[in-house]
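On a predicted model such as this, the values are computed, not experimentally measured, just so you know. A, B, ... follow the sequence lines: proteins, then strands. Residue 1 opens every chain.
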There are 2 protein chains.
Amino acid sequence: MSCDIPELTAHLGYRLRQLSNHVSQAFSRKLAAKDVTVAEWTVMRRLYPVESVAPSQLADAMGMTRGAISKLADRLVAKSLVVRDASATDGRAHFLRLTAHGAEMVPALAALAEQNEAECFAHLSSADRAVLERILANAVVQLRITATPVE
Amino acid sequence: MSCDIPELTAHLGYRLRQLSNHVSQAFSRKLAAKDVTVAEWTVMRRLYPVESVAPSQLADAMGMTRGAISKLADRLVAKSLVVRDASATDGRAHFLRLTAHGAEMVPALAALAEQNEAECFAHLSSADRAVLERILANAVVQLRITATPVE
DNA sequence: TATTGTTATACTCTATAACTATA
DNA sequence: TATAGTTATAGAGTATAACAATA
């Protein structure tokens, strides 16, 4: 026989992706009702508590290229959720800022995030939930993961 | 203050996506050296132990549309890793099958999967690893997740 | 009519690299 | 010359829907 190859399901990476995709897709469907993608929500959530952020800062924080952030910002501007401000001191620099309309939407979107979280992890015992939280947080530190997930 | 919104990092879904993206992207980079994507590997791994599989079966098993499977198959055929056979009994039906070249590649690709798994989860204690395995496997059952993850 | 599979179209996200304007 | 940001291009993935051939 030629089957000395482990099953796909034997890999933690496979299981992780399976569950993560399910959770993200469920969230994506909820956000779609508000015409917002997960990437757009993540930007909005990051802009919400601050005055404004430079695209380059956002790119670093989210582990995306500046080109990708530019396109994301284009979509958010087209939806009137975000505006671009020119810097007063540096002719090259810009800042992204939530519009009043964008800021108003954040609590509702955050509620969808909470709802998704509740639905997807309702089956976990509180002990399992705590363990999973600890393992995931620790893995992010151990693997030196800095990027914000988008997909 | 307007900050009654939970941090992004407070969500299990966020952490899960962060780790899952890291693991998948690391795997994707390893596979790229062999000019294979994660989705292509998953198809190859599924074809490996069997004679042949219909595109529709593959679509169901992987949670993808038939159109998506068609495109994936096109790429695998273009790379001479897979061939399409016509069914002898049903003029509509086709089957996908690994070429000799494709089958030869599977063990090397499986080794990359093992290597990625080892690198990404080396920091886990064996107890944590067992717990994570149990939690993930149980979540897949509880949430009735049937699709093979691709991204 | 229903089913198999392909094809067309469109959208999101990704990356590299060329480009503009400014420092 | 280096930097900030945009834009162009290309590729992989997603989905819906139209289509051909066959059952």
Whole-Å distance separating the [atom1] atom of [X] from the [atom2] atom of [N]:
X     : N      : atom1 : atom2 : value
B:R66 : C:dT9  : CZ    : P     : 22 Å
A:D60 : D:dT3  : CG    : P     : 13 Å
B:L72 : C:dT7  : CG    : P     : 14 Å
B:I69 : C:dG5  : CD1   : P     : 11 Å
A:D85 : D:dA4  : CG    : C1'   : 15 Å
B:F27 : C:dT14 : CZ    : P     : 20 Å
A:R17 : D:dT14 : CZ    : C1'   : 16 Å
A:K71 : C:dA15 : NZ    : P     : 11 Å

For the side chain of [X], starting at C-beta, report the closest nucleotide among [options].
X     : options               : value
A:R92 : C:dT22, D:dT6, C:dC13 : C:dT22
B:S56 : D:dG5, D:dA15, C:dG5  : C:dG5
A:A93 : C:dA10, D:dA4, C:dG5  : D:dA4
B:D90 : D:dT14, D:dA23, C:dT6 : D:dA23
A:S70 : D:dA4, C:dG5, D:dT7   : D:dT7

Counting distance only, does the side-chain N/O of [X] pair as donor-acceptor with the main-chain N or O of [Y] below 3.5 Å?
X      : Y     : value
A:E117 : B:G13 : yes
B:Q18  : B:R15 : no
B:R46  : B:M62 : no

For A:T37 and C:dC13, is the shortest distance between a side-chain N/O and OP1 or OP2 below 4.0 Å?
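The answer is yes; a side-chain N or O of A:T37 sits under 4.0 Å from OP1 or OP2.
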May I ask you to verify if any side-chain N or O of A:R84 is less than 4.0 angstrom from the OP1 or OP2 atom of D:dG5?
no
Of A:A54 and B:E40, whose closest DNA chain D nucleotide lies nearer the 5' terminus?
A:A54
Test side chain to side chain contact (heavy atoms under 4.5 Å, CB included) applied to B:L96 and B:L76, B:D85, B:L47, the passing residue
B:L47
Of A:G67 and A:G91, whose nearest nucleotide on DNA chain C comes first from the 5' end?
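Going by which nucleotide is closer to the 5' end, it is A:G67.
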Answer yes or no: is there an ion pair linking A:K30 with A:E119, defined by an N-O contact shorter than 4.0 Å?
yes
